[in-house]
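Please read the structure below before turning to the comments.
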Amino acid sequence: MKIIKKDERLVDYDFEKIIAAVTKSANRVNVKLTEDDWRKIQNIVETSIKESGSEYIPVAKMHVYVELALDQVNNAVAKSYRDYRNYKQDFVRMMDETIKTVDQLNFLADRSNANTTSALVSTQRTLTYNAFSKQLYRKTFLNKEELAAIDDGFLYIHDISSRLLTYNCCLFDMGRVLAGGFEWENIGYNEPKDVRTACNLISDLTLNCASMQYGGFTVPEIDSILAPYAEKSYKSYLEEYKNLIGDAGCEYDEEKAKNYALKKTSRDIEQGFQGFEHTFNTVASSRGDYPFTTFTGGCDETFFGSLVWSLALKVRKNGQGHKGHKRPAIFPKLVFLYTKDLHGEGKPLHWLYKEGIECSAKAMYPDWLSLDIPDESLIKGAATDHFEPSIAKVFHKYHKFGVSRWYLDENNCVKENPEWVDSIISPMGCRAYLSPYYERGKLSPADENDRPVFTGRFNGGAVSLNLPMILRKAQLEGRDFYEVLDYYLDVINGIHIKTFDFLSKIKATSIPVAYSQGGFAYLKPADSIKPLVERATFSYGFTALNELQELYNGHSLYEEKDNEKAFAYEVLKHIVAYVDDKKAHYGKDIPYIAAIYGTPAESLCGTQVEQFKRKYGIIPKVSDRAYFTNSFHMHVSEEITPFQKQDAEFRYFHLASGGHIQYCRFTTGMNENYISQCVDRAMKLGYYFGVNIEKSYCNDCGAKIDDGIDVCPVCHSHNITEINRVCGYLGYSKVSGDTKMNDAKMAEVHDRKSM
């Protein structure tokens with residue numbers, strides 16, 4: 001028997017093709033058909049074919065037979081199958097939505113992401129594609145319950161326009177790609193022979209690989225990666241000095257040779273980091289934005305490792321630009337990895353800690369990640385459970401001080417130290433984190449010799465709850481809040497499981513450097529990336545915990561800071577318990593790794609409050625502002641000190657272990673010593689901590705002023721550029737008097753007192 005296709009080709013009848021088509025329809029309505037269902041469908045279809053008496057069946061008639069079978073097996077799947085066949089009308093609508101987006105871009109700037117310049121042709125091209133890709137994702141991936149939850153505003157799928165092809169944030173194993181060389185687009189690259197070449201390659205690889213994902217691209221422990229290449233350069237310059245002296249007929253002086261080599265090597269490192277800053281802030285990726293790059297460092301105890309991080313801080317502190325008009329770069333974001341055993345008073349890298357503080361005071365970066373167990377005795381008045389964060393737990397169990405990952409062997413080649421353990425969980429993007437994963441035990445260590453794996457992993461995507469909307473729905477419908485919350489958590493879980501299955505089918509050839517050249521693994525091009533997806537983390541996000549508490553009893557999160565049973569705190573613990581239960585349930589079959597994510601909400605802070613207003617109106621202290629509060633933070637308008645903010649956010653921060661940052665606003669008069677005290681306290685509390693100072697720069701006279709201004713106090717110009725903290729990362733709240741941030745975020749900036 002033959003099937004007549006629409007183009008009149010004849011193909012053999014194959015029931016497997018029917019299974020593939022019907023499975024997609026079943027997935028869209030969350031139905032899993034049984035073996036008995038499939039036998040029944042096959043029997044009905046093939047009986048209909050035999051009764052037709054024809055050896056040639058038009059494909060349209062075959063669809064009718066399939067629909068007839070589905071009507072008798074499962075009505076929901078039958079309707080989903082019919083709906084999908086109306087794709088022509090849907091695609092017309094999708095193109096119409098895309099055209100509307102293009103028209104808007106021609107007249108209105110897109111400010112949903114402070115990391116993009118929507119006036120650029122490359123960005124507009126990407127935004128146009130994203131508009132269509134978003135519609136395609138909605139059509140082919142989501143079922144009606146998921147669409148309803150998103151369209152009504154109860155859930156938000158992050159980066160919906162990018163999720164059909166790739167993964168989210170990552171910890172890219174740059175050191176493994178460089179060591180020994182790699183293949184890239186059919187060209188073989190040798191291992192770099194010096195630090196300058198290594199920096200150039202890292203820039204190129206970052207731009208390429210970051211453009212093929214969405215979310216933040218982190219190069220963990222950049223100091224350890226570059227240290228052996230810096231040593232290569234140093235040895236090369238020693239030899240260069242020796243040759244120069246020999247050619248000049250002068251006597252060789254070992255001390256002068258070392259000074260010469262160190263000076264030249266240091267200059268190469270500085271130029272390398274200047275190159276990073278120029279590239280990552282001016283060269284847009286093929287994605288249309290500037291790649292959200294993060295470099296972490298500060299724990300490499302070797303001479304060249306600490307030199308690399310010290311010079312990275314120096315370059316950031318000095319800024320970029322013309323003489324007299326320098327200002328700090330935004331990317332790469334720098335994160336200082338801190339532990340009291342290395343950076344505390346009297347410890348070997350305390351000098352590096354002090355350089356980091358000076359840099360933060362001048363450039364806001366680096367942010368600071370504590371690797372230590374929190375000292376809860378410092379908390380004043382906050383009700384807490386006992387917290388032992390995975391970051392600190394893993395670090396103190398597995399980290400070996402004095403053991404560097406990369407070293408030079410006797411042939412001057414970079415090798416990986418077999419004693420090194422991947423014990424530091426670096427952040428991805430502005431606040432996302434991977435949950436622990438182990439080489440053999442996967443979700444938990446198989447035994448004392450099992451090792452954790454963080455570098456070379458990624459996040460599979462985030463979906464966020466609109467908590468005030470969920471509470472208001474429960475209130476007005478007279479339903480139990482947790483019942484409604486669990487429904488939407490189940491919807492998120494369904495999206496994540498489908499995403500897990502979808503990503504597992506992607507081939508390694510799609511991002512060769514990442515999947516096949518060491519960025520994540522050394523898979524063969526035809527291999528699926530399922531082993532990597534099994535190591536991914538899927539995020540359950542939440543926003544507006546403050547507005548949730550306000551809606552519940554009229555109190556802010558800060559007013560409830562001493563309440564051991566604060567509603568918002570109990571809600572967050574419920575979400576943690578839900579996710580832990582799902583990890584345990586799915587972990588029996590697949591290593592499904594999930595995490596709680598305190599959503600930063602850059603443009604979402606305005607989107608979600610507008611969704612609330614449309615459905616439930618304006619409620620004082622809940623929806624009467626232009627924005628919702630990010631994740632678990634105290635409201636930005638609270639008149640509180642940095643120490644008070646640290647105390648109040650402590651318990652929420654440590655529950656949201658899959659995505660969190662704690663930051664405080666510093667104004668004129670809060671000097672470097674005060675910033676140091678706050679950073680030091682944040683490190684003792686186990687925080688990932690950021691400084692916000694609102695740095696203003698006059699583009700006309702070059703004046704630099706802390707605190708936001710509209711007019712230069714020196715030359716009275718309005719041509720001001722202002723760098724501010726968007727959420728967990730820095731952005732421009734003014735560019736020559738204009739802004740890259742959206743209106744809702746700018747309204748929040750205007751109200752800031754504690755953030």
Side-chain angles (χ1 to χ4, degrees), residues 296 298-299 335-345 347 349-350 353 356-357 360 366-399 401 423-427 431-436 452 454 545 557-558 560-564 566 568-570 572-573 575-577 579-580 595-598 631-634 640-664 675-691 728 754:
T296 70
C299 277
V335 177
F336 197 117
L337 304 170
Y338 175 95
T339 173
K340 62 181 183 297
D341 294 329
L342 282 178
H343 306 103
E345 189 78 43
K347 299 301 181 180
L349 294 182
H350 184 64
Y353 164 80
I357 292 294
S360 288
D367 285 345
W368 297 82
L369 176 63
S370 173
L371 303 174
D372 296 331
I373 303 293
D375 180 0
E376 297 173 47
S377 66
L378 294 174
I379 299 294
K380 294 180 175 64
T384 68
D385 291 331
H386 175 70
F387 294 103
E388 192 173 273
S390 57
I391 288 175
K393 185 177 180 180
V394 172
F395 177 77
H396 282 278
K397 181 176 181 179
Y398 294 98
H399 189 75
F401 289 96
S423 60
I424 296 177
I425 311 176
S426 290
R431 66 178 69 197
Y433 283 89
L434 295 169
S435 296
F454 299 108
L545 209 59
L557 273 188
Y558 188 71
E560 290 281 316
K561 68 182 186 303
D562 296 327
N563 183 356
E564 293 183 13
Y569 185 52
E570 294 299 309
L572 192 51
K573 288 201 293 185
I575 298 171
V576 171
V579 173
D580 286 344
I596 314 301
Y597 178 67
S631 60
F632 56 79
H633 298 303
M634 302 298 105
I640 54 178
T641 67
F643 280 18
Q644 289 172 322
K645 191 171 189 284
Q646 288 177 346
D647 289 347
E649 292 186 352
F650 179 83
R651 57 181 176 173
Y652 300 105
F653 173 92
H654 287 297
L655 276 180
S657 58
H660 56 193
I661 189 170
Q662 206 274 337
Y663 35 63
C664 295
I675 292 173
S676 177
Q677 291 178 40
C678 291
V679 171
D680 185 59
R681 190 171 190 269
M683 296 301 94
K684 291 175 181 175
L685 292 174
Y687 272 135
Y688 173 34
F689 182 75
V691 169
S754 62

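Count residues from 1 along the sequence. As a basis for the values below, the full set of heavy atoms in this structure was taken, side chains included, without hydrogen atoms, waters or symmetry mates.
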Close side-chain approach of [X] and [Y], heavy atoms under 4.5 Å:
{"X": "L685", "Y": "S370", "answer": "no"}
{"X": "F689", "Y": "C664", "answer": "yes"}
{"X": "I424", "Y": "C299", "answer": "yes"}
{"X": "Y663", "Y": "R431", "answer": "yes"}
{"X": "Q646", "Y": "C678", "answer": "yes"}
{"X": "L342", "Y": "Y353", "answer": "no"}
{"X": "Y652", "Y": "L557", "answer": "yes"}
{"X": "N563", "Y": "Y569", "answer": "no"}

| said: For F643 and K380: C-alpha separation, side-chain torsions, deciding distance, then whether side chain to side chain contact (heavy atoms under 4.5 Å, CB included) applies. | reply: CA-CA 9 Å; F643 280 18; K380 294 180 175 64; 5.9 Å; no

| Derivation of the side chain to side chain contact (heavy atoms under 4.5 Å, CB included) call for F401 and T339 | CA-CA 11 Å; F401 289 96; T339 173; 4.2 Å; yes

Can you list the residues that meet the side chain to side chain donor-acceptor pair (under 3.5 Å) rule with [X], with sequence neighbours excluded?
{"X": "Y687", "result": "none"}
{"X": "D341", "result": "none"}
{"X": "E649", "result": "H633, K645, Q662"}
{"X": "K340", "result": "none"}

Could you list the residues that satisfy side-chain contact (heavy atoms from CB on, under 4.5 Å) with [X], not counting sequence neighbours?
{"X": "Q644", "result": "Y558, I640, T641"}
{"X": "P389", "result": "P374, H654"}
{"X": "S435", "result": "T537, I593, A595"}

| field | side chain to side chain contact (heavy atoms under 4.5 Å, CB included) between I596 and V579, worked out | value | CA-CA 8 Å; I596 314 301; V579 173; 3.2 Å; yes

| salt bridge (charged side-chain N to carboxylate O under 4.0 Å, His left out) with D580: which residues, sequence neighbours excluded? |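 D580 satisfies salt bridge (charged side-chain N to carboxylate O under 4.0 Å, His left out) with K583 once adjacent residues are dropped.
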
| query | Who are the salt bridge (charged side-chain N to carboxylate O under 4.0 Å, His left out) partners of K573, not counting sequence neighbours? | reply |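 Here the qualifying residues are D385, E570.
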
Below 3.5 Å, can you tabulate the donor-acceptor pairs from side chains in residues 390-398 to any protein atom, sequence neighbours excluded?
unit_1 : atom_1 : unit_2 : atom_2 : d
H396   : NE2    : L371   : O      : 3.2
H396   : NE2    : D372   : OD1    : 3.1

| So, H660 versus Y433, ring centres under 6.0 angstrom or not? |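 Centroid distance H660-Y433: below 6.0 Å, so yes.
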
| task | State the CG-CG distance between L369 and L337, to the nearest 0.5 angstrom. | result |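 Rounded to the nearest 0.5 Å, the CG-CG separation comes to 6.0 Å.
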
| Between atom CG of L545 and atom CD1 of I575, what is the distance when rounded to the nearest 0.5 Å? |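 Separation between the atoms: 7.5 Å.
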
| For K684 and D680, what are the C-alpha separation, side-chain angles and deciding distance, and is it a side chain to side chain contact (heavy atoms under 4.5 Å, CB included)? | CA-CA 6 Å; K684 291 175 181 175; D680 185 59; 3.3 Å; yes

| Which word best sums up how the rings of W368 and F336 line up, parallel for under 30°, tilted for 30 to 60°, or perpendicular for over 60°? |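 Aromatic pair W368/F336 classed parallel.
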
| query | Backbone N or O of H343 within a donor-acceptor pair of the H350 side chain at under 3.5 Å? | reply |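 Side chain of H350 to backbone of H343, a donor-acceptor pair under 3.5 Å: yes, one is there.
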
